[in-house]
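What follows is a short report on a single structure.
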2 protein chains.
Amino acid sequence: MTKSLKDKTLQEQVYENLKLGLLNGEFKPGVSVTIRGLAEELGVSAMPIREALRRLTTERALVLTPTGRVRVPCMTRKKLNQLVSARICLEKQAAIDAIPYIDDEMIEALSLLNDEIDQCIERNDYQAYLQKHRRFHFTLYQAAPSDVFMPLIESVWLQVSPFLSLTLSLEHLQSYNT
Amino acid sequence: MTKSLKDKTLQEQVYENLKLGLLNGEFKPGVSVTIRGLAEELGVSAMPIREALRRLTTERALVLTPTGRVRVPCMTRKKLNQLVSARICLEKQAAIDAIPYIDDEMIEALSLLNDEIDQCIERNDYQAYLQKHRRFHFTLYQAAPSDVFMPLIESVWLQVSPFLSLTLSLEHLQSYNT
DNA sequence: ATCCAGTTTTTGTGATCACAAATATTGCCA
DNA sequence: TGGCAATATTTGTGATCACAAAAACTGGAT
């Protein structure tokens, strides 16, 4: 577990950890995560895990089965359409709001990220591509600090990421041909 | 506590209960809510309250102070602008998506709600007005069942509602003249 | 009366436990 | 060998406890 000690509570650390894992595609759609399993894996008790999972479930990054078990959600065609639709309207607005805050320094940073993205594509490093790609977008949106749009956008990304990362192992994609 | 027994877990019941309370303006901005306080008030132990509060905090319906205490968030001019902006782009899309699903029965229901809203305005029943107003919007958006847009929209409403309900007691509004 | 140090109370966090329900495993019979 | 019932295990939920930090309260000195 990557401890960033500035985070106060254990629950917060676990949450950040799992969130990053989700965004980086370390959890495949359909697999179920258990409290005790993660507790042992991360070396903490059940409580911080419970609360972190509850948080991620609230953000729709994870879903609850009818019996209360937690799993990484699977993608459907309809849901993907809605997520794309949500991304478009939310991030369009976030980008517009960011415009006044864009200075030369930020353009420099974004330009660098864009170059790095190109390099990732050249060496077919899709894993790194997804991370740089995410960083590019979030850097832009965070230019205009917004406690309203950022959580909404993050929730959408958390819902898309596990599916998007499936392209890292293309053989699984056939499950989604409906 | 209003128990709807079809809800399975205690945590779920507490969550729904608090959410409704937030939407109906039963919690004023700035007041802090405590785990033990609610536990005693609702007659349950601390655990379900903890998880419900964690959920509502994740949805930004409640906020965490730097010391971990939970309170009903205060409104700022900037935040209100962003919330309105978010409502416009999210609910605009939700309404568009709903169009194909609107049938005569739904038009009837919406029309009835609209009449009830008018009546609320006539008798200056702002409390009831807010509820009918909310029901009108959510009835429309839920026409196209979306597990993506509804939670996002709900989060925005949860953030606006406590402030909106302040108009129920106008004397508090002067706190927000900045 | 006002301010501040010292004390008491309240609070969130994390750990652990009992319990019932859901799930996985086993072993038997056809 | 394949299906199914009985058993064993795993799981989430809710309760309770200890602890440290934060907040509220108290009392006296200026």
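Residue numbering restarts at 1 for every chain, and letters A, B, ... go by the order of the sequence lines. Scope of the values below: all heavy atoms of this structure, side chains included, with no hydrogens, waters or symmetry mates.
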### Query
Regarding A/Glu59 and A/Trp157, is there a side-chain donor-to-acceptor distance under 3.5 Å anywhere?
no
### Task
Let me know, please, whether B/Val33 or A/Ala46 comes out on the 5' side of the other along DNA chain C by nearest nucleotide.
B/Val33
### Task
Look up atom OH in B/Tyr15 and atom CZ in A/Arg54, then write down how far apart they are to the nearest 0.5 Å.
11.0 Å
### Query
How many angstroms lie between atom CD of A/Gln131 and atom CG of A/Asp125, to the nearest 0.5 angstrom?
8.5 Å
### Task
Dump the intermediate steps for side chain to side chain contact (heavy atoms under 4.5 Å, CB included) on B/Gln93 and A/Ser85, then the final yes or no.
CA-CA 8 Å; B/Gln93 188 62 45; A/Ser85 181; 3.3 Å; yes
## Note on the structure
Between B/Met47 and B/Arg36, the residue closer to the 5' end of DNA chain D by nearest nucleotide is B/Met47
Under 3.5 Å, N/O pairs linking protein and nucleotides 4-6 of chain D:
none

## Note on the structure
At a 4.0 Å cut-off to heavy atoms of chain B, the contacted part of DNA chain C spans C/dT11 to C/dG14
### Query
Are the side chain of B/Ser32 and the backbone of B/Val70 linked by a donor-acceptor contact shorter than 3.5 Å?
no
Under 3.5 Å between N/O atoms: give me all the protein pairs with nucleotides 21-23 of chain D, atom names plus distance.
{"residue": "D/dA23", "atom": "OP1", "partner": "B/Thr67", "partner atom": "OG1", "Å": "3.4"}

### Task
Rounded to the nearest 0.5 Å, what's the gap from CD on A/Glu116 to CG on A/Leu112? Could you check?
4.5 Å
### Query
Atom NZ of B/Lys19 and atom CG of B/Leu56: how far apart are they, to the nearest 0.5 Å?
8.0 Å
### Query
Reckon A/Gln11 touches a base, only the sugar-phosphate, or nothing at all at heavy-atom distances under 4.0 Å?
sugar-phosphate
### Message
Let me confirm one number: the CG-CG distance from A/Leu42 to A/Asn17, rounded to the nearest 0.5 Å.
### Response
6.0 Å
#### Entry: Under 3.5 Å side-chain donor-acceptor pair for B/Arg50 and B/Gln11
no
### Query
5'-most contact on DNA chain C: B/Thr34 or A/Ser45, nearest heavy atom basis?
B/Thr34
### Message
For A/His137 and A/His133, take the angle between the two ring planes, folded into 0 to 90°, and tell me which bin it lands in: parallel under 30, tilted 30 to 60, perpendicular over 60.
### Response
perpendicular
